[in-house]
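Structure first, commentary second.
Note that this is a predicted model, so its numbers are computed, not measured. Order of listing sets the numbers, starting from 1, for every ligand and every atom in it.
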Amino acid sequence: MSSSLASFQSDLLSVDIEDAVAVLRLTRPAKRNAVNDDLIAALHTVFVNLPDTVRCAILHGEGDHFSAGLDLSEVTEQNASEAMMHSRNWHRCFEHIQFGKVPVIAVLHGAVVGGGLELASACHIRIAEASTYYALPEGQRGLFVGGSGSARIPRLIGVARMADMMLTGRTYDAEQGMAVGLSQYVVPEGEGMAKARELAARIANNAPLSNFAVMQALPRIADQSQSEGLFTESLMSAIAASDQAAKDRLNAFLAGKAAKALKNNA
Ligand code: 1HE
């Protein structure tokens, strides 16, 4: 374990640093990886303190489910102001995932529901194993999303589909989820981690500034007007292209020493 996380310990989250890849595992299978305050605090600590040697992170869950969402036992006695602070705490944590140091790949299986889907949505790439299903049971529980789902999930699947999931309890299975945009990949059961490690190796091999631009600039440009977005794009593109890593990679390609963008690269 690297020094910045050397003292990290949690019953709810394990962290393994495998060279340039950090593997995070939700370790609360008895409660279906339901997300309580301590798990939010642990995730926050880990994402803020990822060592500089890490270039990509993978997040997955122990047991039969990725996550059953918000730990419902923690919120029954909350008043409005406590609930507001609770939600803002999730927002702060998930902000450090989406706009943190490195791209994050979520490996999904079983239930990805409520706050579990909000957590997955804060990641950059989602790989769904065949058993994955997605639900937003907040409507049935008398709740509303509070972990940034209303901002992130419509950006993946649209407001109408999210409203349908919340109003009617509609679920999507792994294939349906990929078709509507909840995941980018579907793989056979048990093959999610292998796929994630393969993708993480590719991500870790990119120039850091390119990954930074994808994580930090791309979603912000999508939120801007076309005119402002294109200006931001030009700025980000100029900064990336002027970096030595870009110059080295362009010269390597021109010298015939870099991989081609072939049809079967995916
Ligand atoms: C929990 C939770 C939880 C399980 N909070 N304890 N999320 C939900 O509404 C989903 C609630 N969970 C379920 O519907 C089911 O547990 C599952 C379909 C995910 C899995 O079913 P199953 O049969 O494998 O497990 P189980 O028997 O229901 O649960 C095992 C234990 O985990 C049991 O505790 P035990 O002490 O009786 O063994 C459950 O009580 C416990 N458990 N899920 C607390 N979520 C920031 S806002 C986000 C808002 C939301 O996320 S709302 C959606 C909440």
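When each of R28, R32, K31 is paired with D71, the side chain to side chain donor-acceptor pair (under 3.5 Å) condition holds for R28 and for no other. Among V107, L24, L26, the one residue that satisfies the side-chain contact (heavy atoms from CB on, under 4.5 Å) test with H60 is V107.
A donor-acceptor pair shorter than 3.5 Å can be found between the side chains of D164 and T168.
Between E138 and R141 there is no salt bridge, since no side-chain N of the basic residue sits under 4.0 Å from a carboxylate O of the acidic one. Taking 4.0 Å as the cut-off between side-chain N and carboxylate O, D223 and R155 count as a salt-bridged pair.
Atoms CZ and CD, on F47 and E95 in that order, are 13.0 Å from each other to the nearest 0.5 Å.
Near ligand 1, heavy-atom contacts under 4.0 Å come from A30, K31, R32, A34, H65, A68, G69, L70, D71, L72, W90, A111, V113, G114, G115, E118, Y133, P137, E138, R141, L143, G146, G147.
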